[in-house]
Amino acid sequence: MTLKDTTCRTTMHHSRRHFLRGAGVALALPLLECLPRPAWAKAPADQTPGRMLLISNNLGVLPQHFFPKESGTNYRLSPYLSELKELNQDFTVFSGLSHPACEGGHSTENCFLTGAKHPTSSGFRNTVSLDQYAAEHLGRQTRFATLNLGVNIDKANRSLSWTRDGVLLPAEDSPAGLFQKMFIQGDAKQIKRRLEHLKRRGSILDAVAESTERLNRQLGPQDKSRLDQYFTSIRELEQRLVTAGEWEQSPKPKTEEALPQDILDRGQLFGKLEQMLAMAVLALQSDSTRIVTLMVDAFATPVFQLSDKEKSLTSYHPLSHHGMRANHLKQLEKADRRQMKLLKEVLDKLNTVQGNAGPLLDSTMVLYGSNMGDANTHDNTNLPILLAGGGFRHGQHLSFDRDANAPLCNLYLSMLQRLGVETDRFGSSSSTLTGLNS
């Protein structure tokens with residue numbers, strides 16, 4: 001009997017959360033054929049796996065044109081949502097949602113998917129983002145556990161993706177670079193070099209672990225606890241390197257799409273956004289990943305093209321502080337509508353692409369929103385939030401208390417559970433979101 005056979009026989013009665021323990025190491029078992037799948041993970045063989053596309057503009061939209069006046073299923077579409085009228089049964093719009101104690105104007109942009117409190121406080125450290133939390137619990141199922149994208153993004157300071165230790169994960173802002181990662185295999189020599197690079201990184205980690213183990217013998221309980229967290233991070237990174245090496249040797253998917261040419265002019269905001277959204281859809285369609293985040297960094301966007309014949313009066317940030325000036329409001333409305341039209345194109349594409357069990361939109365949750373309820377006043381409450389697809393029964397406006405908002409993380413918890421993540425808490429959530437049908 002082989003070691004594999006022995007392991008499978010002895011763990012047959014355990015859940016997927018079973019651990020192998022020894023020498024201070026706890027190793028979670030992968031999803032082996034001989035292990036029973038928990039009830040929440042069971043699905044027909046032809047069912048398309050769940051996916052998420054999470055989009056944020058860090059300066060938000062004009063709230064008076066976004067939110068409907070009525071709630072429920074018989075609400076009238078607001079001016080912005082009228083851009084999506086053909087898809088009104090495929091999305092739900094929310095009002096009265098925000099992150100509790102997440103205040104500070106623009107400082108909240110990095111907390112949109114985390115819900116971390118008091119981002120302007122001394123010693124603030126961010127928490128894990130929705131995409132990374134999902135990836136942790138679902139494991140590596142695709143070449144990329146997640147893809148974190150950006151448009152005009154200040155990569156050193158802004159991101160939607162944050163690790164459990166509150167570390168920023170830089171966004172990919174080159175469609176051409178992303179295309180190469182997803183579809184360009186490279187020759188045997190290039191693959192060998194990349195594998196050697198991964199092995200060298202692993203060797204460095206081994207050396208660090210050995211030296212810190214010697215230090216551990218001299219430390220007190222509190223420092224040992226901190227060092228143990230450090231070791232845990234090292235072990236997780238080692239496993240990611242091993243997994244990356246395995247995927248490096250696997251053939252990449254084929255595509256008929258041409259290599260995109262990066263738009264370098266930051267003033268071409270909507271051209272860049274259209275291009276990156278197309279790459280996000282392609283990533284999901286090719287199953288390169290099942291979780292994509294995309295931040296539109298409006299704060300870092302200079303004077304930009306509203307149309308072929310019109311430019312914005314100022315860069316995006318001062319334009320958002322409109323002070324009720326008619327010319328600023330008019331241009332902001334045009335910018336917001338352009339985003340709604342691009343969102344419609346994404347939903348249309350996902351509705352056209354067929355998964356194993358129907359249109360890809362049926363299994364893809366598309367979240368559009370912002371950390372900013374009203375950029376003009378730096379208000380971080382009553383956030384503009386729209387959720388499409390994902391197998392939920394939509395066609396409604398869910399309205400919560402606009403003075404005492406419900407936690408946005410309640411929606412995130414509902415999304416995590418829909419994705420198959422076995423959890424009853426995320427961030428500031430108090431429950432799943434009331435009224436969201438599936």
Is there a donor in the side chain of [X] and an acceptor in the side chain of [Y], or the other way round, less than 3.5 Å apart?
X: Asp379; Y: Thr377; value: no
X: Asp154; Y: Asn157; value: yes
X: His394; Y: Thr92; value: yes
X: Glu422; Y: His137; value: no
X: His397; Y: Ser95; value: yes
X: Ser174; Y: Asp262; value: yes

Exercise. Would the His378 and His321 ring centres measure less than 6.0 Å apart?
Worked result: yes
Problem set entry | Phe304/Tyr316 aromatic ring centres below 6.0 Å | yes
Problem set entry | Enclosure of Arg125 CZ (heavy-atom neighbours >12, cutoff 6.0 Å) |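 Counting other residues, nucleotides and ligands, CZ of Arg125 stays at 12 neighbours or fewer.
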For this session: Verify the neighbour count for atom CG of Asp424: are there more than 12 heavy atoms of other residues, nucleotides or ligands below 6.0 Å?
Result: no
For this session: Provide the closest heavy-atom pair for Thr301 versus Arg266 in the form atom of the first, atom of the second, distance.
Result: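 Taking every non-hydrogen atom into account, CG2-O, 4.1 Å.
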Problem set entry | Nearest heavy-atom neighbours spanning Leu332 and His322 |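 Distance-wise, the nearest heavy atoms are CD1-CD2, 3.8 Å.
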Exercise. Is Arg51 salt-bridged to Asp287, cutoff N-O under 4.0 Å?
Worked result: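 Yes, charged N to carboxylate O under 4.0 Å.
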Exercise. Are Lys181 and Glu172 within salt-bridge range, i.e. N to O under 4.0 Å?
Worked result: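 Counted as a salt bridge, because a side-chain N and a carboxylate O are separated by less than 4.0 Å.
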Exercise. Which residues pass the side-chain contact (heavy atoms from CB on, under 4.5 Å) test with Ser82, sequence neighbours left out?
Worked result: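 Only Arg337 meet the side-chain contact (heavy atoms from CB on, under 4.5 Å) criterion with Ser82.
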Exercise. Can you tell me how far CG of Leu313 sits from NZ of Lys330, rounded to the nearest 0.5 angstrom?
Worked result: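 Those atoms lie 10.5 Å apart.
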Seminar exercise, completed: So the ring pair (Phe, Tyr, Trp, His ring centres under 6.0 Å) pairs with at least one residue in residues 407-426 (sequence neighbours excluded) are His99-Tyr412, Tyr133-Phe426
